[in-house]
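Contents: one structure, followed by commentary.
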Amino acid sequence: MSAEKLTVKISVGEEMRRFTFESKPSFEQFKQQIFGGRGSGTIKYVDDENDLISLTNEREFNEAWSFGTSCDSKILRVRLTLGQATVADVPKEPKSEDDYAEQQRLIEEQRLQEERRIEEERLEAEYIRMQEDEARRLDEERLQKKLKDKGYNGSKKKLKGKEKKRKEEQRMKE
């Protein structure tokens, strides 16, 4: 069994559904899969101490996934409390090979979309960082030019000497 493959058992009231994920989806893909895109609700998983742990974001989902894949059974037990969805809205495990193949294709497509989105965000952040670096470089160049125009060329003594000379000139004019 691959390290990423995980079976998820979902209980909704008295109903139980079972899904096998061949690879780790994003949290959004996971929610879409278990709610079937038709509703929402509260998602909690059962940890090794039988506590119900809420899943509300990607970080918590990653922790739950790691927990599930580290168990000998490779099963993550999830409990749903439905909001707008009903038990009938929670999709069932595919019955045929074609259904399974289509489900896996959709999951893979969603995973690739998520990877593209993450890469776009990374590139955008890199572009912004480069712009900020360029702005800092230009500010530094302007500051160096301003200091040079005022007679500062790296030696504080020269600048102080010029300031002292200017002050003496001003006193003499008075």
For the atom pair [atom1] ([X]) and [atom2] ([Y]), what is the distance rounded to the nearest 0.5 Å?
X	Y	atom1	atom2	answer
Leu143	Leu138	CG	CG	12.5 Å
Glu134	Met130	CD	CE	9.0 Å
Leu52	Thr42	CG	OG1	11.0 Å
Ile43	Glu60	CD1	CD	10.5 Å
Arg77	Lys9	CZ	NZ	4.5 Å
Phe21	Thr7	CZ	OG1	9.5 Å

request  = Step by step, work out the side chain to side chain contact (heavy atoms under 4.5 Å, CB included) result for Arg136 and Glu132.
outcome  = CA-CA 6 Å; Arg136 278 192 288 278; Glu132 290 170 347; 3.9 Å; yes
(request) Could you tell me whether the side chains of Glu140 and Gln144 share a donor-acceptor contact shorter than 3.5 Å? (result) yes
Open item on the list: Run the side chain to side chain contact (heavy atoms under 4.5 Å, CB included) test on Phe30 and Val78 for me, step by step, so that the C-alpha distance in whole Å, both residues' side-chain angles and the decisive distance to 0.1 Å come before the verdict.
Closed with: CA-CA 11 Å; Phe30 180 75; Val78 174; 4.2 Å; yes
Worked check of salt bridge (charged side-chain N to carboxylate O under 4.0 Å, His left out) between Arg129 and Glu126:
CA-CA 5 Å; Arg129 188 191 58 75; Glu126 177 71 15; 2.6 Å; yes
Only residue of Glu119, Glu121, Glu115, Gln113 satisfying side-chain hydrogen bond (donor to acceptor under 3.5 Å, both in side chains) with Arg117 is Glu121
Might you work through the salt bridge (charged side-chain N to carboxylate O under 4.0 Å, His left out) test for Lys31 and Glu28, ending with a clear yes or no? CA-CA 5 Å; Lys31 288 192 312 185; Glu28 287 303 314; 3.2 Å; yes
What pair of heavy atoms forms the shortest contact from [X] to [Y], and how long is it?
X	Y	answer
Asp47	Glu49	OD1-N, 2.9 Å
Phe67	Leu76	CD2-CD1, 4.0 Å
Ala64	Leu55	CB-CD2, 3.6 Å

**Asked** Would you call the rings of Trp65 and Phe61 parallel, tilted or perpendicular if under 30° counts as parallel and over 60° as perpendicular?
**Response** tilted
>> With a 3.5 Å distance limit and no angle check, can you tell me whether Glu22 reaches the backbone of Lys5 through a side-chain donor-acceptor pair?
In response: no
>> Tell me if a side-chain donor or acceptor on Gln29 pairs with a main-chain N or O of Ser26 at a distance below 3.5 Å.
In response: yes
Using the side chain to side chain contact (heavy atoms under 4.5 Å, CB included) rule, take Asn62 and Lys24 through it: C-alpha gap first, then chi angles, then the decisive distance, then the call. CA-CA 9 Å; Asn62 289 339; Lys24 182 177 174 271; 2.4 Å; yes
Next item on the list: Go through Lys145 and Glu141 one step at a time and tell me if the salt bridge (charged side-chain N to carboxylate O under 4.0 Å, His left out) criterion holds.
Entry: CA-CA 6 Å; Lys145 185 178 181 326; Glu141 284 178 6; over 6 Å; no
Handout entry: Joint hydrophobic cluster, Ile118 plus Phe27, side-chain heavy atoms closer than 4.5 Å
Key = no
Exercise. Do other residues, nucleotides or ligands put more than 12 heavy atoms under 6.0 Å from Glu63 CD?
Worked result: no
| message | Does Glu124, at its CD atom, have more than 12 non-hydrogen atoms belonging to other residues, nucleotides or ligands within less than 6.0 Å? | response | no
field: Derivation and outcome, side chain to side chain contact (heavy atoms under 4.5 Å, CB included), residues Val8 and Arg18
entry: CA-CA 6 Å; Val8 178; Arg18 178 184 175 119; over 6 Å; no
Original post:
So, Arg166 and Glu168, do they make that salt bridge, N to O below 4.0 Å?
Top reply: no
